[in-house]
Amino acid sequence: MEERAFDTGRRPVWCPGCGNYGILIAVRRALAELGLRPEEVVVVTGIGCHGRISDYLKVNAFHTIHGRVLPLATGIKLANPRLTVIGHAGDGDAYAIGLGHLPHAARRNVDITYIVHDNMVFGLTTGQVTPTTPLGVRTKSTPFGNPERPLNPLLLALASGATFVARGFSGDVEHLKELVKQGIRHKGFAFIEVLQPCVTFFNTYKELKEKVYRLEDEGHDPTDFEAALRLAQREDRLPIGVFYKVERPTFEEAFAHAMNPPPALRRLAPPDLSRLLESFR
Amino acid sequence: MEERAFDTGRRPVWCPGCGNYGILIAVRRALAELGLRPEEVVVVTGIGCHGRISDYLKVNAFHTIHGRVLPLATGIKLANPRLTVIGHAGDGDAYAIGLGHLPHAARRNVDITYIVHDNMVFGLTTGQVTPTTPLGVRTKSTPFGNPERPLNPLLLALASGATFVARGFSGDVEHLKELVKQGIRHKGFAFIEVLQPCVTFFNTYKELKEKVYRLEDEGHDPTDFEAALRLAQREDRLPIGVFYKVERPTFEEAFAHAMNPPPALRRLAPPDLSRLLESFR
Amino acid sequence: MDSGEVYVLVAGPAGAGVFASSVIIGKVLLRQGYHVFVTNEYPSLIRGGQQWALVVASPSRPVYSHRRRVDVLVALDRGALLSNIGRLHERAVALCDAADATGDPRVIALPARDVVREEGGPPVAVNTVLVGVLFGMLGGDLETLKGVVRRQFRSREVAELNARLAERGFHLGLQLQGKAPARLAPRGGGGDELLLDGNSALALGLLAGGLTFFAAYPMTPASPILHFLAEVQRDLGIIVFQPESELAAINMAIGAAYAGARAAVATSGGGFSLMVEALGQAAMTETPIVVVNVQRPGPSTGMPTHTAQGDLRFVIHASQGEFPRIVLAPSNPREAYELGCRAMNLAWKYQVPVIVLMDKFLAESYWSTEALPPLRPEEGSVWRGEGGEPYARYRITDTGVSPIAFPGTPGVLVYANTSEHDEYGFGTIDPKTVRAMQEKRFRKLSAIQREAESEGVKTYGDGAIAIATWGSTTMVVREALRELEGVKLVQVVWLEPFPRESFAREVGARRLLIVENNMRGQLASLVREHVLREPEGFLGRYDGRPLDPEEVVEFVKGFAARG
Amino acid sequence: MDSGEVYVLVAGPAGAGVFASSVIIGKVLLRQGYHVFVTNEYPSLIRGGQQWALVVASPSRPVYSHRRRVDVLVALDRGALLSNIGRLHERAVALCDAADATGDPRVIALPARDVVREEGGPPVAVNTVLVGVLFGMLGGDLETLKGVVRRQFRSREVAELNARLAERGFHLGLQLQGKAPARLAPRGGGGDELLLDGNSALALGLLAGGLTFFAAYPMTPASPILHFLAEVQRDLGIIVFQPESELAAINMAIGAAYAGARAAVATSGGGFSLMVEALGQAAMTETPIVVVNVQRPGPSTGMPTHTAQGDLRFVIHASQGEFPRIVLAPSNPREAYELGCRAMNLAWKYQVPVIVLMDKFLAESYWSTEALPPLRPEEGSVWRGEGGEPYARYRITDTGVSPIAFPGTPGVLVYANTSEHDEYGFGTIDPKTVRAMQEKRFRKLSAIQREAESEGVKTYGDGAIAIATWGSTTMVVREALRELEGVKLVQVVWLEPFPRESFAREVGARRLLIVENNMRGQLASLVREHVLREPEGFLGRYDGRPLDPEEVVEFVKGFAARG
Ligand SMILES: Cc1ncc(C[n+]2csc(CCOP(=O)(O)OP(=O)(O)O)c2C)c(N)n1
Ligand SMILES: Cc1ncc(C[n+]2csc(CCOP(=O)(O)OP(=O)(O)O)c2C)c(N)n1
Ligand code: SF4
Ligand code: SF4
Ligand SMILES: [Mg+2]
Ligand SMILES: [Mg+2]
């Protein structure tokens, strides 16, 4: 497969310089390098600038409502575990309105990859505060500065029991591509937080460029949970890479009784209810 | 104030032996010992067995819908910071349907006390799985055993930036009372997870009795975040007490401009809009 | 008493086995060839509240609902005796343990607790003894009783203990035959019949309709659907589970349906409220989905364990914007089964959300029901990838229905989009396309409307007065019809789209009364809107209880008398 | 051109200053004594999409809405020129930079970018030059223009730069006066008038109604209300913030209102969907709350930046169970201001949820508006603890309204309960109490209905044909009325409770047409339901655009011609 096999040919409408371009390319390349066929992949996208990615990724897609990427993706994966399911959410989508689903997807360990385009701002609605906007930043909804301490998504994912926790940077496409590949290969819930500058409403490009470094460069054992917790709290510099990784049974496995074939591939037939009816006699 | 000043005189309808009794008594005593007057306290209760507590606590109360204790309590506190606001939620209420609010209340650091009656089961709806039900446990909705790894509420609260994180046990009323007092005194978001056996649907009383120990007994510095993270992960034994405590500005302080007097105590008067209208000329 | 009917009320505190006893009594009567109906009332408490269950049985005619009559009260504690004795008629009797008895001459004190103690049973088993007494007194069949009792318990030991207790009670009862306010007249038959509650029937219907994915967050009175399906999931090889909220449940179900599962969810009003946004998502993406709403009294938390029909307008109009949907309301378990299956098939045929509107009274009452007809899932408008033009998920067609393919189909990409989109699913704001898409979605409505007209209205009896109802209230009115002449009952089964022509035709020039379990007359408002007709009378009940047939009779007679 | 009116279309890519230019043009015209209307259209994109704004001005009569006419196109790039030139009439002109020009004789190529470069401005400032050209050509007043331009920018330096650019453009424009398709005829006055958009007006109304707590999660097209209030919160000493979701927003607002704040929230359809459960909570606890829903086309995500009136039935029936509520729909900024304040006062008077239903066309269009009348908050049914009997939050009263006290009131405990409750707020299932509470809540409706009848319907003109509308469509029809004779416009301002008597009286025996920005005729369905009358005709538009006055004229004339 080539990268362009995953290109719908539509021209992205993101602002020039937007970090979403880097993510788009990283994902296309990852899919191509994994040798996946477009029809066996489903992306689920939230509402926001990030969500446009389903117009540009030539795979199956569900552009869902704001904040519900995880339940949608979970339903898809359970119905047909043979599909490769990837969720794309924004920081507003994932950490504001949709936050209630994240810890559950993590502990449930459903085998999907969840890529959060974290630009620390609501892009599509023209620049309001999100849960990851730094303290004090002025936005349209915080004209006197954000009064809320930002959320630490990595720490939250770790605390929730996620089995694969990584951070990427849209400005390092090759590295991000590798993370996406690892995330897709990981059997279980893969959480990838991507630092993605929004050049129009919160341009963090320069600062991120300076602060970001690859975990591999300083050495880190991704099976070390304590170390992952510590690294996730680092603020002076921002490590990118796989913070933590562990194998655990996936949620689909709990439904082995329903997977032969899975619901989506089942031939319709009248069920035999006679045994069930016994209890009503 | 005496404990019975906080008794509505209604007889609780909880099952005999239910852990909610212990919580009720601990809260009444805490309020009495803090010398609070019933009319300056508001409890917000969720839907579930725990939520009945507002029938038995003689203070102001809002018995809200399932899962919304935190936003309700936040609104109340912002409107009138002079009130002492206490939220009571169940594990279903707080960690299932209402989980999306917890990390935000924590990082926002609104000055309320949040007491979670964690019986690891949906009590009022007659015994289904919740996010804290241990793996493998059979309930009405998991007749073949719970397939989901339980959530660790303390770890989650710590990861979310809560400024006061504690665990209590309904079977140790005196100790719980002290925690509630500390929680109420804490200026900021105080999270108190209470282990509360449900004798009818998931009787953990014996096991908890064995596993629980007081943090004070082994010594712990509640300003040590790393230690708190470690203790929160302990499973062989279950420490109760204050895991972590730190002072940070509260959310109300961000609205100092609106607090003289606060919205709830404002005299109604037509606002002067003339300055605002200038921008429309 | 007339025609051998018997009305038994079992009452006691929560946890004392009131419901189990009522089902045992109902099943014994069913096995003895009776038509049976069982209903109950209980507070939203785990312990401490009083609850009751009424068993009605007739040897000769279908029992549609309860009545106010009680022949025998089985009181499981003194509180139950005190709070229910007022419901007994003159010749009725109350059975209770000696320690609970009062001086009322109708009270029969029995050594029930002693029997339990002698047999080494737990205190709670006193109900089994009293059920035994009941059948001894009424002249029931001991073996049938013991058989039913045994099957109620999983553990063999407990089953045998309870069979013994029932037998001992039975012998005590034999001595009371003189006091019996009724006598059983066993008839043959009943072998094929089921004693079925609305929730289970609905669940069976969903299964018959091909259900493979069910997600629900518990909510009284819909939770038993989840419990039932969770229990049978391994037998049927389907996915059943409880996610973190109703928001999660419906979005997972929509995801599953998009992927190709036959998915449904069930909840009550508060949970339905949380599903409103996703309902619109299902509509916009044309993802088939069945949503069951088992109504309880609102607003808000309201009365979790009581009954109402207050959500009709809500479910018809829920979610922003305009889209076609189907709303079906069964009145009894048989219809719950049929409409559960029909809902699945309609959703997959038209790719619209289908809502099944139940209520607590239907959901948690039991009716003896003839063997369920075999029903089957229909593939609907699914497209499994047989060649042709390039696949477009939202192909504009004459019927408005576009073939639905599932991801994974070779050579096909499926793009579902909650934003307004073109035929391929790509977002668009082009006014022509937008309009065409909106019209495409609504074009389905003409076929759906035809189905509504052809099967959306049922009638019973005839006369110069028409009574219109929907849902379980239909059963109450059917019961009332026994005492009414000149009345035609018009049951609206399809509430949306409203079968306006059939309804108008069936009502004709009759004077029209509407009876509903709500305050404001929601069916009445639909009749005004769609038939431009003001009903001549409205009877509503809104205290959390189903209507009594007696009050319906009184209302209709009063109306007829006024001319 | 007739009566000195002028229709200017500004078009360009997102980020090029289309809206800012249109507001500058509008304000200059306003200052020159014109009646002004500005509306716009844009895709839901931050960059890259084409957007436009139309400015309509008349020296002599109020402008109610847009028309299809365009006299001058100000094209900020070539794409804008190409995609909008088709909208120009024969004598119209298009102003653009020389590099963007085409051969169309109506196109006037200008050295706009050169001017910007010479003055050292950023490329985006080309719009200011072209606005200058426009006023030079039309004969506007330079000082007024420069004043308005200056005030548009915060930084003094940028303001001066833009004033210079406008002046240079103005001088270029002076040379084009011969080509001008219209000429400004400055009149006096206009000093007190505002150029006000619906969203800001609504926000001002909430403030006038005593708003002290506002929480909203951004959602187009309601977000500007949040932005406006967030900006002014310190001036007014109120709490404004953005929580994690709409679920949080409304529940916080309800908490704040319970505690004693005057609280409101604003959202669009998807967010309203998420507020449905809490709406019922407000109703059951009788906590006053104002919910603003700025409609956009659904279903689901639909078209975020476009307009529709598709949520009417939804908001009237949202949430389980039955409870009274009020739904108000302003048609223009003046009404948005008045009804914003009225909504607050009604909510606190009756302790019911009040919904203000706006739409994108109203919310983001600007109308020149006379100085706003001073309005004031009314205390309503608040009880500040002056003695008497022991306080009961849900005291049963003749009006159904129970005095509302706030926690902290000495000697008083306030228990709000979403479960059905007794007078003190304690949970109950007692049938009598339950019924009494339900009746108490609905008893408010008779007073509310009287208010609806007295102020819920407005009319314009008269004749044998009645046209009924609601919301911003009213403005389009008022514009159309200029070309129609014998038509009475009946605007329904209160949609719930429906002012059935006033409506029926105002329509009388006239033939009734209904015009709405939706497909299915939702006001029409209310008329059927409440007035038992089938409208003789319906005109709906559902492509995300407001109706054009021209199509209304055509529709009405066609109808009249058919007899
Ligand atoms: C229920 C609901 N509320 C609000 C919105 C409006 N909305 C659309 S996108 C968005 C925020 C997007 O922010 P984020 O997820 O960070 O995405 P970004 O645009 O930054 O990529 C919001 C609030 C919506 N579509 N639905
Ligand atoms: C929106 C909504 N969904 C579901 C319910 C039904 N419900 C009532 S209580 C409850 C669970 C209670 O569990 P928990 O919070 O653990 O409280 P407990 O009874 O164990 O104290 C549920 C699901 C509801 N009231 N509202
Ligand atoms: S607004 Fe920000 S996130 Fe959105 S496209 Fe532009 S740069 Fe990217
Ligand atoms: S069901 Fe459990 S939590 Fe509820 S009252 Fe009984 S013991 Fe307590
Ligand atoms: Mg973002
Ligand atoms: Mg619980």
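Below, chain A is the first sequence line, B the second, and so on; all start at residue 1.
Using a 4.5 Å cut-off between heavy atoms, B:Leu156 contacts chain A through both its backbone and its side chain. Only the backbone of B:Ala96 comes within less than 4.5 Å of a heavy atom of chain A; no side-chain atom from C-beta onward does. Only the backbone of B:Pro150 comes within contact range of chain A, with at least one heavy atom under 4.5 Å from a heavy atom of that chain.
Residues satisfying the ring-ring contact (aromatic ring centres under 6.0 Å, His included) criterion with B:Phe191, sequence neighbours excluded, are absent altogether.
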How about the chain B/chain A donor-acceptor pairs under 3.5 Å, what are they, with distances?
unit_1   : atom_1 : unit_2   : atom_2 : d
B:Tyr95  : O      : A:His104 : NE2    : 2.9
B:His104 : NE2    : A:Tyr95  : O      : 2.9
B:Arg107 : NH1    : A:Arg149 : O      : 3.0
B:Arg108 : NE     : A:Glu148 : OE2    : 2.5
B:Arg108 : NH2    : A:Glu148 : OE2    : 3.1
B:Glu148 : OE2    : A:Arg108 : NE     : 2.5
B:Glu148 : OE2    : A:Arg108 : NH2    : 3.1
B:Arg149 : O      : A:Arg107 : NH1    : 3.0

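Pairs passing the salt bridge (Lys or Arg N to Asp or Glu O under 4.0 Å) check and including a residue from residues 125-134 of chain B, sequence neighbours excluded, do not occur. Sorted by first then second residue, the ring pair (Phe, Tyr, Trp, His ring centres under 6.0 Å) pairs that include residues 132-156 of chain A, not counting sequence neighbours, number zero.
Each of B:Gly100, B:Gly67, B:Ala232, B:Pro131 has some count of heavy-atom pairs under 4.5 Å with chain A, and the biggest count is that of B:Pro131.
Here the CG-CG distance, from A:Leu99 to B:Leu99, works out to 7.0 Å after rounding to the nearest 0.5 Å.
Here the closest non-hydrogen pair linking A:Leu151 and B:Pro103 is CD1-CB, 3.8 Å.
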